[in-house]
Amino acid sequence: MTTHRPAPAHIPADWPVDEPAARAVQDELRARTVLDETGPAPGTGHVTGVDVAYDDERDIVAAAVVVLDAATLDVVEEATAVGRVAFPYVPGLLAFREIPAVLAALGQLAADPGLVVCDGYGIAHPRGFGLASHLGVLTGLPTIGVAKNPFTFTYEAPGAPRGSAASLLDGAREVGRALRTRDDVKPVFVSVGHRVSLDNACAHTLRLTPRYRLPESTRRADALCRAALREATASAPPPPGT
DNA sequence: GCGACAG
DNA sequence: ATCTTGTCGC
C-alpha cells in the first residue's frame with residue numbers, strides 16, 4: 001500500500017464564480033451522463049472512497065481518495081490534496097465545492113480507481129446532476145453516490161433488516177434508494193452517478209458495509225481527509241480576526 | 001414571499 | 001461540513 005504527500009489542488013481558471021454559472025455548467029454536462037451500463041461486478045477490482053473536509057475560516061480544503069480491494073476491503077492505495085475552497089456550500093451545487101480537490105487527489109493515484117463511491121448524490125438532484133454524476137462525467141469513471149440524508153426527496157421506511165430497501169422518490173419518480181445497511185439503523189441513500197445501475201450501486205453499498213452504516217470506502221476517506229486537513233491547518237496562518 | 005436543502 | 005461532553009451499548 002502506498003500513500004502520497006498532499007497534492008496541490010488548483011481551482012481551474014474557468015471554474016464558475018456564481019450560482020447561475022454553476023447551474024449552467026450542470027445543465028450542459030448532464031447530457032454526458034451514461035445511465036445504460038451496469039457497472040463493475042461487486043467484489044471485483046477496486047472500489048475507491050472519496051471525501052472532503054473544510055476549514056472555511058482559513059479557506060482550506062482537503063480531499064482524500066482511498067482505493068480498496070473490492071473483495072477484501074483492504075486498502076490498496078491512498079492519496080490526498082489540499083487547496084483553497086473553490087465554491088461556497090449551496091444545496092444543489094456541492095460538486096463545485098468538492099471536485100477540484102478530489103480531481104487533484106485522484107490524479108495522484110497509480111492504481112485503477114475502479115468504482116468511485118461519493119459522499120452525496122448522483123442523478124438524485126434538483127437538475128439531475130449531483131456530485132457523483134459530475135465526477136463521473138469529468139473522469140469517465142463509474143461512480144455512485146451514498147448520502148447520509150434524504151436531501152429534498154421522500155421515502156417510505158425500508159424494512160428493519162439490513163439489506164431492506166425502499167424507493168427514494170422525487171415526486172413519483174424513483175431517483176435512488178433508501179437502503180438499510182445495518183439492522184434497525186437509519187438507512188443510507190444510494191443513487192446512480194455514472195455508468196452504474198441502481199441495483200448494482202445498492203449491491204456494492206451492501207458489500208461495503210459489513211460492519212458499519214456507512215461504506216468502508218467513505219469511512220476511510222473521511223478519516224484521511226480530516227487528518228490531511230489537520231496537518232494543513234497546523235502550518236497555516238491564523239484565521240482573520242485572531 | 002417563506003421555508004427546506006447532499007456536504 | 002463544523003462546533004462539542006458525556007454516555008449508552010456491543
Side-chain angles (χ1 to χ4, degrees), chain A residues 9 19 22-23 25-26 30 33 49-65 80-103 105 116-136 143-155 162 168-171 175-179 181-194 198 201 205 209-215 217-230 232-234 236 239-242:
Chain A
E19 300 181 26
R23 287 186 215 103
V25 169
Q26 291 179 328
R30 181 179 48 227
T33 312
V50 166
D51 198 16
V52 179
Y54 302 90
D55 184 330
D56 283 293
E57 281 288 272
R58 294 188 179 80
D59 190 34
I60 297 177
V61 55
V65 296
T80 61
V82 174
R84 314 278 271 176
V85 178
F87 208 84
Y89 172 67
V90 179
L93 300 178
L94 178 63
F96 297 94
R97 185 167 168 77
E98 309 219 323
I99 280 185
V102 170
L103 289 179
V116 176
V117 180
C118 297
D119 209 349
Y121 283 101
I123 64 171
H125 177 274
R127 281 166 299 285
F129 199 67
L131 169 63
S133 298
H134 201 145
L135 185 62
T143 62
I144 67 173
V146 179
K148 298 181 285 295
N149 298 292
F151 200 9
T152 61
F153 308 106
T154 61
Y155 66 102
R162 159 178 158 84
L168 184 65
L169 302 171
D170 181 4
V175 294
R177 215 157 274 162
L179 178 65
T181 55
R182 302 301 302 159
D183 291 351
D184 300 309
V185 171
K186 176 180 177 174
V188 296
F189 305 90
V190 180
S191 61
V192 165
H194 182 61
L198 183 54
T205 301
T209 51
R211 171 126 171 109
Y212 298 102
R213 174 187 178 230
L214 298 179
S217 43
T218 67
R219 288 171 45 77
R220 290 308 239 295
D222 177 76
L224 185 56
C225 71
R226 291 194 197 209
L229 180 63
R230 285 196 300 271
T233 259
T242 302

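Letters go in sequence order (proteins before strands), and every chain restarts at 1. Model, not experiment: these values are computed from the prediction. Below, all heavy atoms of this structure are taken into account, side chains as well, without hydrogens, waters or symmetry copies.
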Any sub-3.5 Å donor-acceptor pair from [X]'s side-chain atoms to [Y]'s backbone N or O?
{"X": "A:R97", "Y": "A:F87", "result": "yes"}
{"X": "A:E19", "Y": "A:V90", "result": "no"}
{"X": "A:R213", "Y": "A:T181", "result": "no"}

Between [N] ([atom2]) and [X] ([atom1]): distance, integer Å:
{"X": "A:D170", "N": "B:dA6", "atom1": "CG", "atom2": "C1'", "answer": "14 Å"}
{"X": "A:R127", "N": "B:dC5", "atom1": "CZ", "atom2": "C1'", "answer": "12 Å"}
{"X": "A:Y54", "N": "C:dT2", "atom1": "OH", "atom2": "C1'", "answer": "12 Å"}
{"X": "A:R182", "N": "C:dG9", "atom1": "CZ", "atom2": "C1'", "answer": "14 Å"}
{"X": "A:D222", "N": "C:dA1", "atom1": "CG", "atom2": "P", "answer": "6 Å"}
{"X": "A:R97", "N": "C:dA1", "atom1": "CZ", "atom2": "P", "answer": "11 Å"}
{"X": "A:D55", "N": "C:dC3", "atom1": "CG", "atom2": "P", "answer": "8 Å"}
{"X": "A:D119", "N": "B:dA6", "atom1": "CG", "atom2": "P", "answer": "12 Å"}

Nucleotide of [options] approaching [X] most closely (side-chain heavy atoms):
{"X": "A:T152", "options": "B:dA6, C:dA1, B:dC5", "value": "B:dC5"}
{"X": "A:L131", "options": "B:dA6, C:dA1, B:dC5", "value": "B:dA6"}
{"X": "A:L94", "options": "B:dG7, C:dA1, B:dC5", "value": "B:dG7"}
{"X": "A:L229", "options": "C:dT2, B:dC5, B:dG7", "value": "C:dT2"}

Using a strict 4.0 Å threshold on nitrogen-to-oxygen distance, state whether A:D119 and A:K148 make a salt bridge. yes

When all nucleic acid strands are considered with a 4.0 Å heavy-atom cut-off, which category describes [X]: base, sugar-phosphate, or nothing?
{"X": "A:R226", "answer": "sugar-phosphate"}
{"X": "A:F151", "answer": "base"}
{"X": "A:L168", "answer": "nothing"}
{"X": "A:G92", "answer": "base"}
{"X": "A:A53", "answer": "sugar-phosphate"}

OP1 or OP2 of [N] sitting under 4.0 Å from any side-chain N/O of [X]?
{"X": "A:N149", "N": "B:dC5", "answer": "no"}
{"X": "A:K148", "N": "B:dG7", "answer": "yes"}
{"X": "A:Y89", "N": "B:dA6", "answer": "yes"}

What do you reckon, are the aromatic ring centroids of A:F189 and A:Y155 less than 6.0 Å apart?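 Ring centroids of A:F189 and A:Y155 are less than 6.0 Å from each other.
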
